[in-house]
Protein chains: 2
Amino acid sequence: MSTQKEITIYDIAEALDLSPATISRGLKDHPTIRKDTRKRIFDKAKEMGYQQNLFASNLRRSRSNTIGVIVPRLNSYFMSAVIAGMEKVANAAGYNLIISQSTESKEKELANIKTLYNSRVDGLLVSLAYDSENIDHFDLFLNKGIPLIFFDRVFDHPQCTSIVIDNYKAGYEITSHLIRQGSKRIAHITASIKRNVYADRLRGYRDALADHGILYDEKLIFFCNLSEQAGAEATQRILEMDELPDGIFAANDTTAVSCIRTLKQAGIKIPEQITVAGFNNDPLSKVIEPNLTTMNYPGQEMGELAAATLIRKLDTKEGTSLNTIVLHHNLIVRESSQRKGADS
Amino acid sequence: MSTQKEITIYDIAEALDLSPATISRGLKDHPTIRKDTRKRIFDKAKEMGYQQNLFASNLRRSRSNTIGVIVPRLNSYFMSAVIAGMEKVANAAGYNLIISQSTESKEKELANIKTLYNSRVDGLLVSLAYDSENIDHFDLFLNKGIPLIFFDRVFDHPQCTSIVIDNYKAGYEITSHLIRQGSKRIAHITASIKRNVYADRLRGYRDALADHGILYDEKLIFFCNLSEQAGAEATQRILEMDELPDGIFAANDTTAVSCIRTLKQAGIKIPEQITVAGFNNDPLSKVIEPNLTTMNYPGQEMGELAAATLIRKLDTKEGTSLNTIVLHHNLIVRESSQRKGADS
DNA sequence: ATGAAAGCGCTAACAC
DNA sequence: GTGTTAGCGCTTTCAT
């Protein structure tokens with residue numbers, strides 16, 4: 001517990017009979033410092049166990065080299081892949097990550113925003129909560145011109161860049177695929193269409209139906225929070241319908257897997273009676289039997305790109321004109337939707 | 001981009017014709033401030049859009065209200081549950097979390113330690129990398145008496161608290177269970193026994209064998225990094241053995257699931273020919289068929305407890321005498337190990 | 001190539 | 001109950 005005194009640049013300055021200014025410059029490779037004094041400074045710093053005090057530096061420079069992250073929830077495979085990607089890029093560029101969860105609530109999101117503002121993060125990476133209607137609560141950041149980048153659950157705003165996949169197209173593709181497999185009454189289990197990801201997938205679903213001459217039926221749309229339990233409940237309601245659907249498109253894999261399990265328990269044959277598709281390419285999708293048809297959604301890549309985009313903005317100060325960056329997605333067809341004799 | 005000037009307590013002081021000190025006190029409910037001036041201060045602060053500058057505060061108080069977290073990898077369900085738990089507790093207590101990944105490398109771990117030290121985190125929550133032989137590289141923190149708490153992959157040290165489950169007992173229980181199901185040649189797939197979690201489970205496995213009169217056979221122990229791919233490879237090697245084992249205990253669920261899939265492809269009946277058990281109670285375990293017997297490992301709870309323990313230490317300054325906190329675990333018996341007629 | 005000095009915004013010991 | 005004042009450790013202009 002030897003709370004020894006902190007070593008500061010003043011201590012090094014004294015030991016080397018130089019000024020603090022020179023030490024400060026030497027430590028960050030300032031061009032006007034002679035090579036040998038630079039070396040002396042580094043050696044002494046190491047010898048004395050000097051560690052920079054970032055508060056002082058940040059206070060002085062009004063810059064934190066810290067990036068704030070707000071996500072709805074941390075406990076999913078997808079989100080941890082995203083964070084892993086962000087951490088990798090941020091760390092390599094000398095940035096720290098401060099992470100917080102909105103737990104899907106706008107109030108908590110606002111609280112997080114304030115905390116991160118107080119921590120003077122240099123920028124923000126955000127995936128929005130279910131119930132955030134708009135992004136007025138980000139004004140603190142927007143008014144100050146602090147970069148704000150959305151990923152996955154995004155919001156269109158002239159000042160912000162969004163990183164997404166083309167959820168409309170993905171929803172269209174997955175629905176068309178189910179139709180090509182012979183499904184005509186396709187249920188869709190999804191979440192709040194306040195969020196682009198769900199609204200877009202739903203649009204894709206509707207247009208795919210229309211383009212194949214299938215009437216849209218509101219009763220086939222089930223809204224829930226996409227948890228395992230919600231998936232089971234939605235499926236239960238589906239099973240109680242007068243006329244059973246012959247296909248189900250769930251907006252994430254957790255729900256789709258829960259759905260398959262419930263259907264199997266009810267003795268329904270998949271994909272013969274009902275085709276099922278999910279979304280995300282969660283590890284679960286390769287394990288459930290039958291294997292789940294799903295949309296590959298590159299979480300790690302999305303995290304890396306979000307962080308890289310933000311850092312580029314911070315380092316170059318140039319307001320990149322890019323407003324939306326779209327990542328590739330791809331349909332992974334597996335047994336849960338593949339009927340004999342149909343093409344994929 | 002209106003980079004308006006920051007509002008400081010001086011601005012509020014001027015507007016209210018008070019001193020900065022009074023504002024500072026008022027803002028943090030100092031007891032000696034009159035209720036009505038306190039209210040005036042709050043109102044004015046809100047009106048002017050004041051936001052505390054944490055750098056200045058932290059610099060002055062030499063305290064950051066920030067907790068550093070170092071984990072091997074972020075992209076697993078278990079780890080994201082742990083982090084979710086930490087974030088919840090930390091946030092409620094007014095702490096931020098800075099998170100970094102060691103990617104299982106001691107060098108990266110050291111780099112993370114230095115960065116977090118520079119950020120002057122108040123304490124550290126750590127799960128060790130595979131290849132950290134000791135914790136000398138934490139000296140920076142230990143020498144300064146900054147609290148260091150290990151969870152999951154821990155290291156015994158008089159200054160540090162560890163949060164774990166009883167891996168020895170868990171390994172013993174799971175192995176005994178397989179034996180009771182009639183397995184006599186049980187393979188064990190695990191990772192570096194430099195880490196307590198794997199060493200302890202292996203000890204439990206050995207002792208369970210011994211207590212049931214089964215000879216320990218080194219050839220049945222497979223070391224790998226417990227990834228999906230490594231699980232498949234290890235299983236491949238198992239399948240090539242002259243005498244096939246009749247039980248497999250894998251040190252995590254990812255590997256166990258990969259193992260089951262590989263065995264099934266080879267036409268092996270589970271649990272009839274080989275019983276299989278995993279570890280962690282990952283969502284995967286409930287989805288694989290047959291459902292996987294596994295050890296429930298409370299990730300979220302472990303994260304909450306780790307954070308709460310650290311924060312208690314920070315807030316009370318009392319060096320809690322607790323050196324190890326052991327969380328409950330429980331065996332979840334599912335089909336992958338349950339043979340007809342055997343008791344669990 | 002180096003030094004002197006001011007100040008980033010806040011807190012807390014001390015004064016009244 | 002409120003004010004004065006001195007720094008926390010660093011960066012950076014300006015001077016030499």
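In what follows, chains are A, B, ... by sequence order, proteins preceding strands, each numbered from 1. Fair warning: this is a prediction, and the values are worked out from it, not measured in the lab.
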Determine: side-chain N/O of [X] to OP1/OP2 of [N], distance under 4.0 Å, yes or no.
X: A:R61; N: C:dC8; value: no
X: B:T8; N: C:dC8; value: no
X: B:S19; N: D:dG3; value: yes
X: A:Y10; N: D:dG7; value: no
X: B:T32; N: D:dT2; value: no

Quiz item: Using a distance-only test with no angle check, is there a side-chain donor-acceptor pair under 3.5 angstrom linking B:S119 and A:N96?
Solution: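 Per modelled atom types, B:S119 and A:N96 side chains form a pair under 3.5 Å.
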
I need the [atom1]-[atom2] distance between [X] and [N], as an integer number of Å.
X: B:I7; N: C:dC10; atom1: CD1; atom2: C1'; answer: 16 Å
X: A:I41; N: C:dA1; atom1: CD1; atom2: P; answer: 13 Å
X: B:I23; N: D:dT5; atom1: CD1; atom2: P; answer: 17 Å
X: B:Q52; N: C:dG9; atom1: CD; atom2: P; answer: 13 Å
X: A:N58; N: D:dC8; atom1: CG; atom2: C1'; answer: 14 Å
X: A:D29; N: D:dT12; atom1: CG; atom2: P; answer: 14 Å
X: B:L59; N: D:dC8; atom1: CG; atom2: P; answer: 9 Å
X: A:R25; N: C:dG3; atom1: CZ; atom2: C1'; answer: 8 Å

Practice problem: Name the closest nucleotide to the B:N53 side chain, picking from C:dG9, D:dT2, D:dC10. | Solution: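 When the side chain of B:N53 is considered, C:dG9 is the closest of C:dG9, D:dT2, D:dC10.
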
Quiz prompt | Selected nucleotide, minimal atom distance to B:L18 side chain, candidates D:dT2, C:dC10, D:dC10 | solution = D:dT2

Quiz item: When rounded to the nearest 0.5 angstrom, what is the spacing between OG in A:S162 and CG in A:N196?
Solution: 7.5 Å

Quiz item: So, for B:I41 and B:G26, which heavy atoms are closest and what is the spacing to 0.1 Å?
Solution: CD1-CA, 4.0 Å

Quiz prompt | Exercise: identify the closest heavy-atom pair between B:V126 and B:L124 | solution = CG2-CG, 3.9 Å

Touch class at under 4.0 angstrom, heavy-atom based, for [X] against every strand present:
X: A:S24; answer: base
X: B:L54; answer: nothing
X: B:I33; answer: sugar-phosphate
X: A:S62; answer: nothing

Quiz item: Closer to the 5' end of DNA chain D via nearest nucleotide, is it B:T22 or A:Q51?
Solution: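 The 5'-side residue here is B:T22.
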
Quiz prompt | Most 5' of B:A56 and B:A21 on DNA chain C, judged by nearest nucleotide | solution = B:A56

Quiz prompt | Side chains of A:K44 and A:M48 in contact at under 4.5 Å (non-hydrogen atoms) | solution = yes

Quiz prompt | Cation-aromatic face contact B:R153/B:Y130, 6.0 Å, 45 degrees | solution = yes

